[in-house]
Amino acid sequence: MTKSPRRRARSPPKTPAPSITIGSVPISGTSKPHPEIGLGLWNLGRWTRQDELREESTASHAIEAGIRWLDTAEVYGAGRSERILGGVLARHAGISPEPFVVSKVSWEHLRPAQVRAAIQGTLERLDRPMVDLYLVHAPDDRVPIADTMGVLAELADDGRIGAVGVSNFNVPQLDEAQSALGTRKIAVNQIRYNLIDREDGDELRDHCARTGVILEAYTPLAHGLLTGRFLTPDSIPAANRRGSRRLDAEHAESTLAQVRDLATIAEKAEVTLAAVALHWIRRQGALPLFGASRPEQVDANLRAWGTPVPDDVLDAADAVTRSAHD
Ligand SMILES: NC(=O)c1ccc[n+]([C@@H]2O[C@H](COP(=O)([O-])OP(=O)(O)OC[C@H]3O[C@@H](n4cnc5c(N)ncnc54)[C@H](OP(=O)(O)O)[C@@H]3O)[C@@H](O)[C@H]2O)c1
């Protein structure tokens, strides 16, 4: 295999990383525990070289600040996210506790030969012998899930992947995948879940709790909306709206009114809105997977995670958005 040269990113700004202890939970399929909060690398290697260097520094900074759950996918930056993460991990070789590395096979590669080729490419780009957790990025109803699950079980037996999981699966799809996987367990379902985009997660969370599937919540900050950074429709860039049903022309005003109510609740409780958003996810029984494009965002989110948020504050926040979905 020919490896591309690993270029060192510029040093991140030397802000002192907050000292937060990150807990972890047991996960079926691997003895390495699953950290309770993680960094997603969707944006890594996606835009300009300058963005890439900043985001690479952000990933490095996150590891130095104690983040160990690092989430990537073969489709992120067409493999560049995995390759850059591989370089960052190489520069942190031997760090303790060890990183918990997650990647995903594309929804376009779910036939057995494609899955085998996909994991091969992922491991080469990451420059690792295995990933701790491998997810089916999204279902494809043209490919029987049993075909995909069969090969994932073999890859787990061979030690090339630790735990097996899925992403963006609804309850029937999850049940079907579990039946197809046999005695091995679907360990994780990774879904979009946050205070304002909560319908699917609310439906899945009881099912996952009952069946022992870890619910990973992506987009926990609604692309920054739940940091209180955008309070009017015009202030939200297109990139920070992506994929949200709550920000289309019909819903944007009412969603922003909710965000303003949530910000008021947070302010009265003297905590940040991000702390409310992340702890609401924790209390729903899910694990937040946030994104960050600069080191200061990692620090702010870790500080938010380290801030206790009383239950009555979370109850008030929950009521603001639950009523919108009843
Ligand atoms: N399985 C799937 O289908 C799927 C889909 C989507 C995402 N994911 C995973 O989940 C990860 C996270 O998703 P996401 O990026 O949508 O999560 P997010 O945490 O809701 O949004 C991240 C964005 O919010 C802003 N932000 C974060 N912290 C901030 C802070 N403290 N202050 C101000 N702004 C802040 C930044 O926007 P700016 O960069 O604009 O500043 C950042 O890029 C992805 O990287 C990926 O690994 C998986």
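Read the numbers this way: they start at 1 and go in the same order the structure lists the ligands and their atoms.
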Student: Is the contact between N168 and ligand 1 made by the side chain, the backbone, both, or neither, using heavy atoms and a 4.0 Å cut-off?
Tutor: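 It is the side chain that gets close, since no backbone atom is under 4.0 Å.
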Student: Heavy atoms only: which of W42, Y76, F290, W107 lies closest to atom 8 (N) of ligand 1?
Tutor: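 Among W42, Y76, F290, W107, the closest heavy atom to atom 8 (N) of ligand 1 belongs to Y76.
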Student: Under the 3.5 angstrom rule, does the side chain of K32 hit a backbone N or O of D132 as a donor-acceptor pair?
Tutor: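 No, K32 side chain to D132 backbone: no donor-acceptor pair under 3.5 Å.
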Student: Kindly determine whether D318 and R198 satisfy salt bridge (charged side-chain N to carboxylate O under 4.0 Å, His left out), including the steps that lead there.
Tutor: CA-CA 10 Å; D318 183 73; R198 57 183 289 186; 2.9 Å; yes
Student: Would you say that more than 12 heavy atoms from the other residues, nucleotides or ligands in this model lie under 6.0 Å from the CG of D141, or not?
Tutor: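 No - once you tally the heavy atoms of other residues, nucleotides and ligands closer than 6.0 Å, there are 12 at most.
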Student: Write out the residue and atom name of the closest protein heavy atom to atom 11 (C) of ligand 1, then the distance separating them to 0.1 Å.
Tutor: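 Its nearest protein heavy-atom neighbour is G40 CA, 3.7 Å.
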Student: Suppose we measure from atom 5 (C) of ligand 1 to each protein heavy atom; which comes out shortest, and what is that distance?
Tutor: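 Looking at atom 5 (C) of ligand 1, the protein heavy atom closest to it is Y218 CE1, 3.1 Å.
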Student: Check if A274 has a non-hydrogen atom at a distance under 4.0 Å from any atom of ligand 1.
Tutor: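 Under 4.0 Å: no for A274.
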Student: Which of these, I37, L287, L314, sits in a side-chain contact (heavy atoms from CB on, under 4.5 Å) with R282?
Tutor: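 For R282, the side-chain contact (heavy atoms from CB on, under 4.5 Å) check succeeds only for L314.
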Student: Counting only N and O atoms by type, is there a donor-acceptor contact under 3.5 Å from the side chain of K185 to the main-chain atoms of I27?
Tutor: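 Here the side-chain-to-backbone pair does not exist.
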Student: So, applying side-chain contact (heavy atoms from CB on, under 4.5 Å) with L204, which one of V171, V213, N170 is it?
Tutor: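 Running side-chain contact (heavy atoms from CB on, under 4.5 Å) over V171, V213, N170 with L204 returns exactly one hit, V171.
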Student: Record the part of T227 in heavy-atom contact with ligand 1 below 4.0 Å; permitted values are side chain, backbone, both and neither.
Tutor: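 Near ligand 1, T227 shows its side chain, while the N, CA, C and O stay back.
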Student: Any donor-acceptor pair under 3.5 Å linking the side chain of N168 with the backbone of H137?
Tutor: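 Pair found, side chain donor or acceptor close to backbone of H137.
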Student: Taking the minimum heavy-atom distance to atom 37 (O) of ligand 1, which of R192, Q190, E216, R229 ranks first?
Tutor: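 Among R192, Q190, E216, R229, the closest heavy atom to atom 37 (O) of ligand 1 comes from R229.
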Student: Which of the atoms in ligand 1, numbered in the order shown and given with their element, are less than 4.0 Å from a heavy-atom of A222?
Tutor: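 The atoms of ligand 1 under 4.0 Å from a heavy atom of A222 are 20 (O).
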Student: Among protein heavy atoms, which sits nearest to atom 19 (O) of ligand 1, and what does the distance come to when rounded to 0.1 Å?
Tutor: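 So the nearest neighbour among protein heavy atoms is G291 N, 3.0 Å.
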Student: Which bit of Q297 is near ligand 1, meaning a heavy atom under 4.0 Å away: side chain, backbone, both or neither?
Tutor: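 It is both backbone and side chain that touch ligand 1.
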